[in-house]
Amino acid sequence: MPMKSFQCQFCGQVVFFENSQCLRCSSLLGYVPEAFEMTALEPLGDMTYRALCNQAIYRLCKNTTDWHSCNWLVPVESDEEYCPSCALNETIPDLQDPDNLTYWYTLEQGKRRLIYSLMRMGLPVEGRKVREDGLAFEFLRNDPSSKVEVKTGHYNGLITVDVAEADDLERERTRLHLNEVYRSVLGHFRHESGHYYWWRLVHDKPALKRFRNLFGDESADYEASVAEYYVSGPRENWQRSFVSAYASSHPWEDWAECWSHYLTIIDALETAQAFGVEISAEHTQPLFTRADSYRARTFDEMLDQWLPLTYAINSINRSGGNQDLYPFILPGPAIAKLRFVHDVVKDYRDEASRRI
Ligand SMILES: [Zn+2]
Ligand SMILES: [Zn+2]
Ligand SMILES: [Zn+2]
């Protein structure tokens, strides 16, 4: 599970964020987005269910009843047929193709983790019914007969994901071709959401000045910079200032990469804390005494926990013959950029709470 640890309220079995049925007692499970809780469900007939976590009554998301592709719940009194994650879909792949159905499940799973994080961070997760440049998703598949190539990206709130990214073989091929150390469906969602929140939280805000000091001038020709990256490779010595090679292509990409890392860090820390993981740096004092990485006051208090955790978990992954959970080294300037991401999110949240 990401995040918090969840249990089936009927039998106590540990359940995961992705589960829709308890593996021990077979009761139906669902996720209550507004409560950040997984819950066992008691069927009440008439397609409604009582959630054992809070006794409220819910319906299943329409994508659960139609396709079993979701496990989030919708309050019975809501006018929405879809949960807050599925409601953001603008285009999904053609599900008559069985491959697309499998890929779509994978995409939705990644998307729900992203939406969980955004909601936990206290950020606005508003669809296009709420505002014109609200968040929306389209999952498109490349058509060999078409001249237009589908590219994963973001424009004005609309996040496009190439369905091929959910095909393990294709994604791994692309990763090797681009010489990347990490490529994942969840990583794409996190990265693209970074572009959106840059527009919401930075571009016309006082934070822009600090952004430019740290990341450089984003008015540099974006298309040309990214094209240049794919032709000539990353900037020389990128390791000294960037979280990844791709981050060196343009300040917007640098920001999106940092945003993605930031989300990885707070989510993984929350999971570790939920399981009571404690890492002692040089066997001095145990870390992870502070709760809730989503509400940390400073980035540095998280970094103090994050680095020893990655050393431990990367080593455990290697013991299992797997790749590192976090195959990155953070140079000083990259840490300063992550700190900026943290401050921007915290400032938004502080301002929003003052408005209430
Ligand atoms: Zn159970
Ligand atoms: Zn849903
Ligand atoms: Zn990008």
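Below, all heavy atoms of this structure are taken into account, side chains as well, without hydrogens, waters or symmetry copies. Every number for a ligand or one of its atoms is a count from 1 in the order of the listing.
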- Query: With a cut-off of 2.8 Å, does any N, O or S atom of E192 fall short of it relative to the Zn ion (ligand 3)?
  - Reply: no
- Query: Is the ring centre of Y326 less than 6.0 Å from the ring centre of W306?
  - Reply: yes
- Note on the structure: Y348 meets the ring-ring contact (aromatic ring centres under 6.0 Å, His included) criterion, sequence neighbours left out, with none
- Residue list, ring-ring contact (aromatic ring centres under 6.0 Å, His included) with F137, at least two apart or on another chain: F189
- Message: Donor-acceptor check, side chain of R59 to backbone of S78, threshold 3.5 angstrom: yes or no?
- Response: yes
- Can you name the N/O/S atom of H195 that is nearest the Zn ion (ligand 3)? NE2
- Of all N, O or S atoms in E253, identify the one at the shortest distance from the Zn ion (ligand 3). OE1
- Item | Protein N/O/S atoms closer than 2.8 Å to the Zn ion (ligand 2) | C61 SG, C70 SG, C83 SG, C86 SG
- Message: Any salt bridge linking D324 with R318? Criterion: basic side-chain nitrogen under 4.0 Å from a carboxylate oxygen.
- Response: yes
- Side-chain heavy-atom pair K346, F299 within 4.5 angstrom cut-off: no
- Heteroatom test (N, O or S) for H154 near the Zn ion (ligand 3), limit 2.8 Å: no
- Query: Without hydrogens or angle criteria, can the side chains of E138 and T160 be said to hold a donor-acceptor pair below 3.5 Å?
  - Reply: yes
- The SG(C22)-the Zn ion (ligand 1)-SG(C8) angle, to 10°, is 110°
Side-chain donor-acceptor distances from residues 88-96 under 3.5 Å, at least two apart:
unit_1	atom_1	unit_2	atom_2	d
N89	OD1	K111	NZ	2.8
N89	ND2	E108	OE2	2.8
D94	OD1	Q96	N	3.0

